[in-house]
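The structure appears below as structure tokens.
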Amino acid sequence: MTPTDVSPSPTDFIREMIDGHLRANRFQGRVATRFPPEPNGYLHIGHAKSVCLNFGIAAQYRGTCNLRLDDTDPSGESLEYVESIINDVRWLGFDWEDRLFYASDYFEQLFQFAVQLIKVDKAYVCSLNADEIREQRGTLTEPGQESPDRNRSIEENLDLFTRMRSGEFEDGAYVLRAKIDMTSPNITMRDPILYRIKRAIHYRTGTQWCIYPMYDFAHCLSDSIEKITHSICTLEFENNRPLYDWILDQLELDSHPQQIEFARLNLSYTVLSKRRLIELVIREYVSGWDDPRMPTIAGMRRRGYSPEAIRNFCERIGVAKNDSLIDVALLEYCVRENLNEKAPRVMAVLHPLRVVIDNYPEGQIEEFNSPYHPQNPGMGSRKVFFSRNLYIERDDFMETPPKKFYRLAPGKEVRLRYGYFMKCISVVKNPQTGQVAELHCTYDPETRSGFAPDGRKVDATIHWVSVDHSLSAEVRLYDRLFQIADPTGKEDDFTKHLNPKSLETLTSCFVESSLKGAAPEGNYQFERIGYFCVDSKDSSPGKLVFNRIVSLRDSWAKLSEKGRK
Ligand code: ATP
Ligand code: MG
């Protein structure tokens, strides 16, 4: 293997540190990272940041990144979550080759490491219960008290620990604790718990074990076993770093990774913690982990966000040492930017209003060859059918328009996208409701090119579909899940801040015929409306369902400027 190069210009403090290690030859020129999710929920955009960071660093330094399921706590872990994690990381565009690991595969090794710690008198079996341990731990200003069991003999500790494993004791009867320093200014170092008795069925090891290692014990050792060089984690583990190092030092392990902490991603108008996301799923505020409003990878995928857009977002936010709240508008900007380039343009009418073009011959049909992308002819074109009966968007018409309304109104002329000028002649109303039911218009056959030979101009171009050639569709308009930027910032129940208008379902929409057979997950720009994708679960050739990915512009920015949200 060629030695890894230092980066030409490190872009953040983590890469700077790695460069330093490479210069000092600390890990013999190796860079090995890992992404270690616990399979107790689906991955969210915060995890994506960590995925991009770990796999990105490995790629940049020609190193490796492992995918490790950190499954040492049986409660809440499941195969469904494992599968979703594997799927999501792969979908994001990353490859761990043959390095898919499970911390639960290390249970025996971890047990032996614990035995070794006992043998060097660095761990002891303690009979205090969880409350007592907490009470005796002390505070930031007061030292902790030593457990009465702290000076048990090594033999007795070995005997008790072995019996803990073999199931002789009740849950909670004993724990294994590290023997460090009850007066340490760092509370984490005051004889932390390393193992506890817990009878639970582990989704992989079943009932083989009734003792399980704590995160602090399992994590550093799993990293060491895998010969990780840089163990990147979030800021809340900063105080645990001395413990990470202590355990590896006591065991005199050659492979001693460097733990590096960075600030976790917080995103406005959503929540990023598995505990809260689970609550949204269980209490059915959303339809599931992949509800398009969820900040999960699966949700964003179903919403129509692309892996490129998510990776791009993660790169733009970078990594820092201080916690901050990133504006979700930045994520939406990245999504929009990607779609603007990639999404084919098509026409769809979400709130249909019927139009009859009185002077267009009945039964006549024209095909307009319309490009999929205004700037990219390489994307090709599709046929758009034109006929006497059209649907236009209801709000593109006003019977008594205010001054600055440039679209269709009685006596006014507009351009139909890709086609003719059309003028509104009369309005038919529903006699019961008084609502506008249909418009009668005329078209100018001389304006097929979109321009009038006499040079007259129109103020607006509107989209449309032909009644006989359009397909009916359901369109789901998704908006932000919460109404306030920081729903967990307050003490009260975060679900109180859910946005009641986060989903609006429109069932009588019409889309142009080229969308027949549109593939699941296919992305489109509905001209003048926004970006939409074919729902991967509910759409079928007989019943098209589209999700709004994102609007064309950031309407929230406009609204908050006006102080309305
Ligand atoms: P949560 O707080 O959502 O429950 P977690 O940290 O418990 O997440 P893990 O499965 O342990 O979830 O996380 C796997 C990796 O992803 C860890 O290295 C963790 O630091 C990282 N990670 C989790 N949440 C974020 C976030 N919001 N921003 C950046 N990285 C994160
Ligand atoms: Mg965790």
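Just follow the structure's listing: the first ligand is 1, and inside any ligand the first atom is 1.
- Considering G46, G41, P37 only, the shortest heavy-atom separation from atom 29 (C) of ligand 1 involves G46.
- Ligand 1 has at least one atom lying under 4.0 Å from a heavy atom of F35.
- Between F161 and the options Y124, F169, F111, a ring pair (Phe, Tyr, Trp, His ring centres under 6.0 Å) holds for only F111.
- Between E38 and ligand 1, at least one pair of N/O atoms sits closer than 3.5 Å.
- For ligand 1, the polar-atom distance check finds no N/O of F262 at less than 3.5 Å from any of the ligand's N/O atoms.
- Aromatic rings from Y42 and H47 are positioned such that their centres are separated by 6.0 Å or more.
- Few gaps surround NZ on K321; more than 12 heavy atoms of other groups in view lie less than 6.0 Å from it.
- Partner of L67 under the side chain to side chain contact (heavy atoms under 4.5 Å, CB included) criterion, out of F94, Y102, F35: F35 alone.
- Checked by atom type, the side-chain pair Q112/E108 shows a donor-acceptor distance below 3.5 Å.
- Within the set K274, K49, H219, the minimum heavy-atom distance to atom 1 (P) of ligand 1 is found for K274.
- In terms of polar-atom proximity, A263 is not counted as a contact of ligand 1, lacking any N or O under 3.5 Å from an N or O of the ligand.
- For ligand 1, one of its N or O atoms has an N or O atom of H47 under 3.5 Å away.
- When heavy-atom distances to ligand 1 are checked against a 4.0 Å cut-off, R275 has no atom that comes that close, whether in backbone or side chain.
- Checked against a 3.5 angstrom limit, the closest N/O atoms of H44 and ligand 1 fall inside it.
- Donor-acceptor pairing under 3.5 Å is recorded for the side chains of R34 and S231.
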